[in-house]
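Here is the structure we will look at, set down as structure tokens.
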Amino acid sequence: MSTVVKDTHHDEHPSGIMRWLTTTNHKDIGSLYLWFSLIMFFIGGLMALVIRSELFQPGLQFVDPQFFNSMTTMHALVMIFGVVMPAFTGLANWMIPIMIGGPDMALPRMNNYSFWIMPFAFSMLLSTLFMDGGAPAGGWTLYPPLSLQTGDAFPFLIFAIHFMGLSSIMGAINIVATILNMRAPGMTLMKMPLFVWTWLITAFLLIAVMPVLAGGVTMLLTDKFFGTSFFNAAGGGDPVMFQHIFWFFGHPEVYILILPSFGVVSAIIPTFARKPLFGYSSMVYATASIAFLSFIVWAHHMFTVGMPLAGEVFFMLATMLIAVPTGVKVFNWVTTMWRGAMTFETPMLFAIGFIVMFTIGGFSGLMLAITPADFQYHDTYFVVAHFHYVLVPGSVFAIMAAVYFWLPKWTGNMYPETLGKVHFWLSTFFVNLTFFPMHFVGLAGMPRRIPDYSLQFADYNMIASIGAFGFGFAQLIFVYLIFKTIRGGEKATDEVWEGAEGLEWTLSSPPPYHSFNTPPVIK
Amino acid sequence: MNFLNLKKVSLLIALGLLSLPAHAGWLDLNMPKGVTDISNEVYGLHMLILYICIVIGVLVFGAMFWSILKHRKSRGVTPATFHESTKLEFLWTIVPFAILIGMAVPATKTLIKMYDTSDSEIHIKITGYQWLWQYEYLNTDVSFYSKLSTPYKEIYNQKEKNINYLQEVDRKLVLPINKKIRFLLTSNDVLHAWWVPDLALKKDAIPGFINEMAVVIKEPGIYRGRCAELCGRHHGFMPIVIEAVEQDEYDQWLANGGKVESTDLASTEK
């Protein structure tokens with residue numbers, strides 16, 4: 001595109017490691033986030049494989065139950081805070097300025113800080129694995145009093161969470177500031193791509209709830225070390241209050257992990273259907289409704305704590321209500337595909353996989369909303385199946401779809417299509433092999449977070465473990481493919497995809513280091 | 001990729017699965033109906049919402065796969081250009097809403113029944129410990145601890161696992177049938193949750209607070225459950241076993257101070 005000659009001196013930057021440490025460029029920082037996320041994906045994945053190895057057969061074979069609990073706890077923390085959230089922030093960094101025709105993020109220096117906090121936070125979190133008393137083992141939900149039994153790891157866990165929260169809040173403020181201030185003239189809010197919209201709403205959710213989590217874990221810290229009794233009944237406190245605080249953060253957090261996926265899928269489906277997104281404005285309103293509802297459903301994670309009947313009914317109804325805007329989204333995607341002219345390149349496959357399997361996760365979510373039935377589902381593998389369906393073939397598939405979709409733009413090279421498809425089909429097969437049987441063992445009565453189980457659960461656990469290893473190894477294809485694409489391959493055109501719409505496709509592939517220094521003209 | 005090898009591997013996996021011990025694991029697919037009126041209602045709700053989900057799923061995925069088959073570029077179609085319809089959006093907001101209301105009504109009814117602990121005749125206090133349960137029959141002298149009786153050798157794979165592996169206890173909770181029983185739940189240390197699927201009862205045991213729930217068991221039998229809230233290292237090793245008996249048998253057991261030969265050590269029953 002039209003990179004003006006006199007601007008090229010801005011392209012100069014320190015080389016080697018200093019480039020990455022000091023960078024304030026949204027594309028560099030986006031890449032850093034994405035690489036960080038990919039590394040953490042394998043660390044968290046290894047933890048999952050420890051869990052699945054131990055659960056391959058009944059009996060204790062490989063690890064101590066305490067270490068098993070550490071694995072479930074750390075796996076969750078790493079996957080949520082270290083993989084899905086940074087991956088979406090990375091995509092936001094890369095794509096939002098380009099999509100709205102802005103030159104960079106609004107707060108570039110803070111952008112650098114918000115990324116570089118992450119490696120420190122996670123070094124601290126992962127270092128707890130080597131501490132006296134072991135890594136945190138009270139579940140990622142950190143429910144007291146159990147979480148207060150953590151050994152030396154406890155303050156490190158709390159501070160790691162503080163840092164992650166800080167990073168997320170800074171990232172979110174930056175994204176809000178960017179979207180509200182950096183749009184090219186003519187890029188009105190209702191012309192923004194849906195990915196930008198979903199991120200704008202996600203960023204507000206982050207700003208609203210990360211401080212709540214920080215407050216909650218700080219209370220845990222003072223309960224443990226400074227003699228307060230926020231969550232200790234003997235001192236006049238209430239352990240359940242922590243759960244209310246945690247899930248007031250935790251439920252919007254669930255949507256923080258999924259809303260940007262909606263944006264990604266809403267970009268990919270119209271592209272490969274060669275047809276505009278159906279119901280753009282209803283998609284925006286649905287996203288906003290989901291975000292609003294996410295603040296009034298938190299106690300559905302706590303149906304068994306003994307809330308009053310009125311509370312149970314309210315949270316059941318509010319939770320069921322979320323199915324309505326979520327359904328609208330799915331219907332819109334399907335209608336977008338309807339009478340399109342579809343092709344099925346890898347990003348489209350992942351996006352379709354997302355819709356199908358996210359919807360399956362949505363169905364089990366609807367079932368979980370039914371309070372009387374939830375008494376049976378709560379804290380069983382049915383729940384594990386549910387949230388893995390929305391997170392793995394949900395969020396993670398959406399991230400992979402996004403990577404395949406924009407990798408040619410980022411690198412200037414096409415990825416190997418056949419290999420991408422192999423990656424999709426293997427991932428899809430194994431992800432279902434892993435998580436579908438978990439519905440069965442959960443309904444049959446297997447609680448979550450147990451290292452050993454009675455014999456009637458053996459068969460499906462074995463299947464799930466085989467699936468988990470298959471899924472894990474299939475991801476090596478993804479890594480190979482990313483490296484291969486970066487190093488070369490068929491040159492990508494500027495438009496990359498035949499049906500592509502949006503400002504990012506008007507830039508060269510790869511885009512110049514600084515893009516849209518002169519705002520583009522929006523029709 | 002060598003497909004012959006793939007075939008061999010899958011054959012091996014299939015053989016491995018066939019050689020598994022022939023317990024009913026493969027058929028344990030669904031929520032148990034249980035042995036109380038409430039548990040049957042809960043099962044009914046579960047199946048109802050499942051069927052609703054399946055019907056919606058068939059419609060939505062059906063439309064989607066039809067579209068994937070028919071509306072593909074390789075068939076030479078030209079894409080349509082429509083991109084909004086207020087009528088459709090209204091329709092698919094209002095119809096799911098109506099379905100949900102239809103679902104919420106019976107669910108709320110059942111919930112109200114579950115919360116009714118009035119007119120209970122027997123009151124039992126359950127206390128969770130790391131990692132066992134204590135049962136106190138209020139207004140009697142009967143009170144005992146109940147903990148896992150599976151030998152460590154079975155857990156550490158030095159001995160073959162018996163059929164009730166990890167779901168057997170040294171002293172069962174003996175309860176009469178056809179009597180309304182109220183449980184008072186609390187904990188001595190961390191959170192636990194007392195869960196018996198056949199009774200459709202699950203509630204958290206919280207230190208410093210008391211939760212309650214009530215049940216009327218309809219059939220005599222042995223019902224097994226587990227702790228359902230992460231409670232530390234041995235969370236997976238604190239099962240619950242209930243023996244539901246006829247009233248006279250229960251009275252006798254109670255008169256005996258709860259000391260019947262009802263230990264689960266033999267572990268021969270299903």
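Letters A, B, ... are given to chains in the order of the sequence lines, protein chains preceding strands, and every chain is numbered from 1. Quick caveat: nothing in here was measured; it's all calculated off a predicted structure.
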Inset, instruction - Check the side chains of B:Glu41 and B:Ser39 for a donor-acceptor pair under 3.5 angstrom, ignoring hydrogens and angles. - result: no

Inset, instruction - Check whether any side-chain N or O of A:Glu54 sits under 3.5 Å from a backbone N or O of A:Val63 as a donor-acceptor pair, and report yes or no. - result: yes

Inset, instruction - Determine, step by step, whether A:Asp64 and B:Arg233 satisfy the salt bridge (charged side-chain N to carboxylate O under 4.0 Å, His left out) criterion, reporting the C-alpha distance in whole Å, the side-chain angles of both residues, the deciding distance to 0.1 Å, and the verdict. - result: CA-CA 8 Å; A:Asp64 183 83; B:Arg233 187 165 180 264; 2.4 Å; yes

Inset, instruction - Tell me whether the guanidinium CZ or amine NZ of B:Lys203 lies under 6.0 angstrom from the six-membered ring centre of B:Tyr115 and within 45° of its axis. - result: yes

Legend entry - Contact origin within B:Ile101 toward chain A - heavy atom pairs under 4.5 Å: neither

Legend entry - Between B:Trp131 and B:His235, ring centroids under 6.0 Å: no

Inset, instruction - Can you tell which part of B:Leu191 gets under 4.5 Å to a heavy atom of chain A, answering side chain, backbone, both or neither? - result: both

Legend entry - Leading residue by heavy atom contact count with chain A [cutoff under 4.5 Å; candidates B:Ala193, B:Pro96, B:Ser74, B:Cys231]: B:Cys231

Legend entry - Lys/Arg cation over aromatic B:Phe65: B:Lys70, 6.0 Å, 45° cone: no

Inset, instruction - Please state whether the side chain, the backbone, both or neither of B:Gln130 comes within less than 4.5 Å of a heavy atom of chain A. - result: side chain

Legend entry - Interface residue of largest heavy-atom contact number with chain A, from B:Thr110, B:Leu111, B:Ile99, under 4.5 Å: B:Leu111

Legend entry - Part of A:Phe375 within contact of chain B (heavy atom distance under 4.5 Å): both

Inset, instruction - Check each atom of B:Ala200 against the heavy atoms of chain A and say whether the ones under 4.5 Å are side chain, backbone, both or neither. - result: both

